2 protein chains.
Amino acid sequence: MSPSPVIEDTLKTIYHLQQEAGPPVGTSDIADRLDKAQATVTSTLDRLEDQELITREPYQGSELTDKGRTVAVEVLRHHRLLETYLADHLDYPWELVHEEADRLEHHISEEFERRLAETLENPRRDPHGDPIPGEDLEPPNQDPMRPLSACEVGDRVVITRVSDRNEDDLAYLADVGITPGTAVRIVDVAPFGMITLDVDDTEQAIPEGVATSIRVTSLNDVDDSVSVDHRGDA
Amino acid sequence: MSPSPVIEDTLKTIYHLQQEAGPPVGTSDIADRLDKAQATVTSTLDRLEDQELITREPYQGSELTDKGRTVAVEVLRHHRLLETYLADHLDYPWELVHEEADRLEHHISEEFERRLAETLENPRRDPHGDPIPGEDLEPPNQDPMRPLSACEVGDRVVITRVSDRNEDDLAYLADVGITPGTAVRIVDVAPFGMITLDVDDTEQAIPEGVATSIRVTSLNDVDDSVSVDHRGDA
DNA sequence: GCCATAATTTAGCCTGTCCTAATTTAATAC
DNA sequence: GTATTAAATTAGGACAGGCTAAATTATGGC
């Protein structure tokens with residue numbers, strides 16, 4: 001039996017938290033992300049452990065098993081293929097793809113996944129610039145990126161990822177031209193981390209909170225993974 | 001809150017049974033179609049009644065309310081749009097579209113539905129020849145069709161619908177050229193209802209069980225709804 | 001009209017997923 | 001080292017959706 005949406009969402013969340021801070025991940029961090037009560041997550045984690053999708057130490061935290069990671073990465077592949085498809089073939093606006101993909105990722109078949117990948121010619125990155133795991137379900141490499149908030153005045157960088165966050169922010173960023181593949185220059189870093197960028201010869205100010213979820217690569221170490229047209233084939 | 005897949009599937013089944021035999025529909029007919037125990041369906045029907053999606057008389061049967069019918073028709077629209085899309089844009093083989101659409105129909109948003117319809121240019125029929133309900137969610141008209149099993153030797157008819165049934169049968173029928181829009185002639189009706197057809201100058205024998213789920217229109221009363229290219233725009 | 005049978009509901013139980021409130025454990029301050 | 005506090009678990013309850021077995025109702029034959 002394939003895992004339920006609740007199980008898959010929990011695995012996906014643990015995966016992301018492990019990427020950000022390393023294992024073990026705490027119960028309340030998971031609960032916060034999923035917007036569920038802690039006690040609900042505790043009982044879900046018990047079931048995950050029964051199914052050998054995670055290992056855990058009570059009061060310490062949880063960690064994905066290989067089996068659990070594979071499930072998480074497959075869901076991630078679904079999510080990113082769907083986002084790419086929605087944007088490229090159904091003309092979805094950038095900021096709406098996340099919500100739709102978040103639901104559908106749990107319900108598409110292997111067949112659907114294959115045909116999606118084929119139709120898209122095995123894309124390597126989704127519309128936010130995030131890497132799409134391959135058919136082998138190896139976890140994608142971490143890119144050599146830093147948050148925009150860590151840049152200094154004068155830096156010339158390429159926007160590499162604009163992570164999923166709320167729709168309004170994404171719509172605004174797309175509107176002013178801040179999308180993966182765009183080259184920008186840091187014009188100013190003001191108090192409280194407010195950053196001013198030169199985007200296509202126009203200045204745009206970005207508050208620090210938003211800047212932390214935008215990843216960039218220095219123009220010196222640009223590789224194929226951050227070329228402007230980042231949808232290569234396999 | 002939008003209805004769960006279980007609720008939607010039950011409404012869809014009642015809708016189909018009402019079309020076939022008229023209300024009220026019996027509990028065990030629903031249970032058979034859904035492959036659930038009768039007692040399970042009884043408790044689901046109680047919940048449907050609480051939500052005013054059906055009316056029912058214990059031991060007599062159930063009937064959709066306007067509200068219930070609208071939900072059923074919307075799910076039907078999702079199903080048929082998805083089938084059309086899978087076949088036309090993702091290159092799904094005819095016989096696989098049903099299963100995938102049956103899952104996804106419960107999980108797509110209104111936005112997805114709109115973009116699907118737009119991309120397909122508001123198709124009126126799905127790949128099986130079934131009518132696709134419009135945005136207004138009016139139940140589609142019943143076509144002036146009869147089952148292939150009711151034809152007589154010498155009749156010239158157009159295949160109008162080949163209803164969803166098991167994948168192997170559909171694959172076989174597609175293989176021998178029996179798909180919506182094809183004109184055929186009845187060559188022979190043998191004992192036990194075995195029917196022989198002339199399809200593109202080749203004879204094909206179809207057992208009665210299969211022939212009952214194939215609908216045809218006489219070549220005399222062909223209207224736009226059964227033209228060979230049946231995907232018109234609105 | 002009564003009886004056998006088929007259809008249906010009721011009773012009772014289970015699991016998954018959710019919650020709040022109470023308790024326990026771990027970590028931190030001092 | 002103890003006291004406070006934060007994190008996590010346990011206790012207990014709700015509801016949806018599933019089941020089997022037992023009881024009930026309707027129906028068709030005669």
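Computed from a prediction, not measured in an experiment: that's the story for all the values here. We name chains A, B, ... by the order of the sequence lines, and we start the count at 1 in each one.
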If you check the [X] side chain, which of [options] turns out closest?
X     : options               : answer
B/A37 : C/dT9, C/dT24, D/dT20 : D/dT20
A/T40 : D/dT9, C/dC18, D/dA26 : C/dC18
B/A39 : D/dT20, D/dA7, C/dA27 : D/dT20

Remember a base hit wins even if backbone is also touched, and classify [X] as base, sugar-phosphate or nothing at under 4.0 Å, heavy atoms.
X     : result
A/T42 : base
A/S4  : sugar-phosphate
A/T27 : sugar-phosphate

How close or far is atom [atom2] of [N] from atom [atom1] of [X], stated in whole angstroms?
X     : N      : atom1 : atom2 : answer
B/D46 : D/dG18 : CG    : P     : 14 Å
A/I30 : D/dA8  : CD1   : P     : 9 Å
A/I7  : C/dG16 : CD1   : C1'   : 9 Å
B/D50 : D/dA16 : CG    : C1'   : 12 Å
B/Q38 : C/dT5  : CD    : C1'   : 14 Å
B/D29 : C/dA7  : CG    : C1'   : 10 Å
B/Y59 : D/dT24 : OH    : P     : 9 Å
A/E57 : D/dT9  : CD    : P     : 11 Å

Task: Residue pair B/E100, A/S109: steps toward the side chain to side chain donor-acceptor pair (under 3.5 Å) verdict - done: CA-CA 7 Å; B/E100 190 83 38; A/S109 65; 2.4 Å; yes
Open item on the list: With a 4.0 Å cutoff (strictly under), does any side-chain N or O of B/S28 reach OP1 or OP2 of C/dT8?
Closed with: yes
Task: Any B/K36 side-chain N or O less than 4.0 Å from OP1/OP2 of D/dG18 - done: yes
Open item on the list: Quick check with a 6.0 Å cut-off and a 45 degree axis cone: is A/R69 positioned over the face of A/Y15's six-membered ring?
Closed with: no
Open item on the list: What I'd like to find out is whether the side chain of B/R33 reaches to under 4.5 Å of the side chain of B/H16, using heavy atoms alone.
Closed with: yes
- [ ] Could you tell me if the ring centre of B/H98 sits under 6.0 Å from that of B/H79?
- [x] yes
- [ ] Using a strict 4.0 Å threshold on nitrogen-to-oxygen distance, state whether B/R77 and B/E74 make a salt bridge.
- [x] no
- [ ] Could you check B/Q60 against A/T44 and say which one's nearest nucleotide on DNA chain C is further toward the 5' end?
- [x] B/Q60
